[in-house]
Amino acid sequence: MSISAFGNPQQATAEETGHADAAQASPATEPTDSSAAAGGESQRDISAEIAAEHRRLAGSGPHPDRSFSAYRSTALRHPTHGLVRADPEEIELVSPAFGHSDVLAHENDLTIQHAGEPLGERIRVTGRVLDGDGRPVRHQLVEVWQANAAGRYVHKRDQHPAPLDSNFTGVGRVITNENGEYSLTTIKPGAYPWRNHRNAWRPAHIHFSLFGDAFTARLVTQMYFPGDPLFALDPIYQSIADPAARERLVARYDHDLTSPEWSLGYRWDIVLTGPTATRMEQESDDE
């Protein structure tokens, strides 16, 4: 759970919501051809470390250990002091507020926000938000952000030399209906390099943020796509030692959701609590 202080995801994309991931994706200022990168640990080194960490963390549960060493940035993100607990009621007095009427129906379609159509594979993502007992979570604000089809975020710190798409900003939002269902239309994001180690690439993914009844109850997670060959190599995905918990982050391809000659369909449910809960980023991930 983390605290958010933005009210308009359209504005928040560059400065807030995409910040952490874009920073991870970034700092490439020269071509990211790994063969040209000098030094650095190899994927083989990182994969061996992931395997050792999985042995160390066997049976530890669905949430990753803060010190999952193969994910190098965690060393810089560890909190060095105890968390400062804020008074939720006090924060509500000054934080942004939204009503259901503030979220427009078309905001769940990331492909129609500009004059032209974005490049890439059009997809539809739908699913349910559930509590630990399988009950629908109604009227839940769900926000998403993602890279474009070339694997680049609209963010000033993302200097990956893949092209930007003037017809794709990569942010949207929707409110779940009475059955806890949401639906999004977007473009399948591309994989992108990051400098955790030499030849490090992140699997394609979409970030999800869910608010509870207050802005002090924000949950953030990532949805992945089935069959991605980068799963085994990615220290962020692999920081979850429990294979079943990792699998719950992967959407399921659903041919019944596809539209002929238009889009492919994926289904992904988000479970907020209980033993089958979807893994959410922890407070320490924001440090």
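Just so it is clear, the structure is predicted and the values come from calculations on it, not from any experiment.
- Put simply, the side chain of Leu130 does not reach to within 4.5 Å of the side chain of Leu272, judged on heavy atoms.
- Under the 3.5 Å distance criterion, with hydrogens and angles disregarded, no donor-acceptor pair is assigned to the side chains of His197 and Ser42.
- When all heavy atoms are compared, the tightest approach of Ser69 to Glu53 is N-OE2, 3.0 Å.
- If you look at Tyr71 and Trp194, their ring centroids are closer than 6.0 Å.
- Inter-residue side-chain proximity for Leu110 and Val144 is flagged as met; some heavy-atom pair is nearer than 4.5 Å.
- Judged purely by atom type and a 3.5 angstrom limit, Ser239 uses its side chain to pair as donor or acceptor with the backbone of Ile236.
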For residues 115-122, dump all side-chain donor-acceptor pairs below 3.5 Å to protein atoms at least two apart in sequence or in another chain.
from	atom 1	to	atom 2	distance (Å)
Glu117	OE1	Arg122	NH2	3.2
Arg122	NH1	Trp262	O	3.1

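- The side-chain heavy atoms of Gln238 and Glu49, taken from C-beta on, include no pair separated by under 4.5 Å.
- Val125 has its side chain within reach of Tyr182: a pair of non-hydrogen atoms, C-beta onward, lies under 4.5 Å apart.
- Between Arg128 and Glu181 there is no salt bridge, since no side-chain nitrogen of the basic residue lies less than 4.0 Å from a carboxylate oxygen of the acidic one.
- Under the 4.5 Å side-chain contact rule for hydrophobic residues, Phe68 and Tyr237 share a cluster.
- Tested against Tyr153, the residues Phe168, Tyr192, Trp145 include a single ring pair (Phe, Tyr, Trp, His ring centres under 6.0 Å) partner, Tyr192.
- Every residue two or more places apart in sequence or in another chain was checked for a salt bridge (Lys or Arg N to Asp or Glu O under 4.0 Å) with Arg246, and none qualifies.
- Under the 4.5 Å side-chain heavy-atom criterion for Ile, Leu, Val, Met, Phe, Trp and Tyr, Val137 and Leu184 are members of the same hydrophobic cluster.
- Considering all non-hydrogen atoms of both residues, Thr258 and Leu264 come closest at CG2-CA, 3.7 Å.
- Asn196 has its side chain within reach of Pro235: a pair of non-hydrogen atoms, C-beta onward, lies under 4.5 Å apart.
- The closest side-chain donor-acceptor pair between Arg202 and Gln222 falls under 3.5 angstrom.
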Derivation of the side chain to side chain donor-acceptor pair (under 3.5 Å) call for Thr176 and His139: CA-CA 5 Å; Thr176 58; His139 313 308; 5.8 Å; no

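- In terms of modelled atom types and a separation under 3.5 Å, the side chain of Asp165 and the main chain of Ala149 share no donor-acceptor contact.
- Remark: aromatic rings of Phe208 and Trp268 are close, center separation under 6.0 Å.
- Residues Pro226 and Val250 meet the side-chain proximity criterion, which asks for heavy atoms closer than 4.5 Å.
- Using a 3.5 Å distance cut-off with no hydrogens or angles, the side chains of Gln146 and His207 do not pair a donor with an acceptor.
- The hydrophobic clustering, which links ILVMFWY residues whose side-chain heavy atoms are closer than 4.5 Å, places Val271 and Met223 apart.
- In this structure, Phe231 has its ring center no closer than 6.0 Å to that of Phe225.
- Scanning all heavy atoms of the two residues, the minimum distance from Pro136 to Asn179 falls at CB-O, 3.1 Å.
- Of the possible polar contacts, one joining the His205 side chain to the Pro203 backbone as a donor-acceptor pair under 3.5 Å is found.
- A distance of 8.5 Å separates OG1 in Thr221 from CG in Leu210, rounded to the nearest 0.5 Å.
- In this structure, Glu107 and Asp102 approach most closely via the heavy-atom pair OE2-O, 3.5 Å.
- A 4.5 Å side-chain heavy-atom check between Glu143 and Leu141 finds at least one atom pair inside the cut-off.
- At a threshold of 4.5 Å between non-hydrogen side-chain atoms, the residues Ile187 and Asn148 do not count as touching.
- For Ser183 against Arg124, the heavy-atom pair with the smallest separation is OG-NE, 3.1 Å.
- Shown here for His160 and Gly151, the closest heavy-atom pair between the two residues is CD2-O, 3.2 Å.
- Crowding of Arg56 atom CZ: a count of heavy atoms from other residues, nucleotides or ligands under 6.0 Å exceeding 12.
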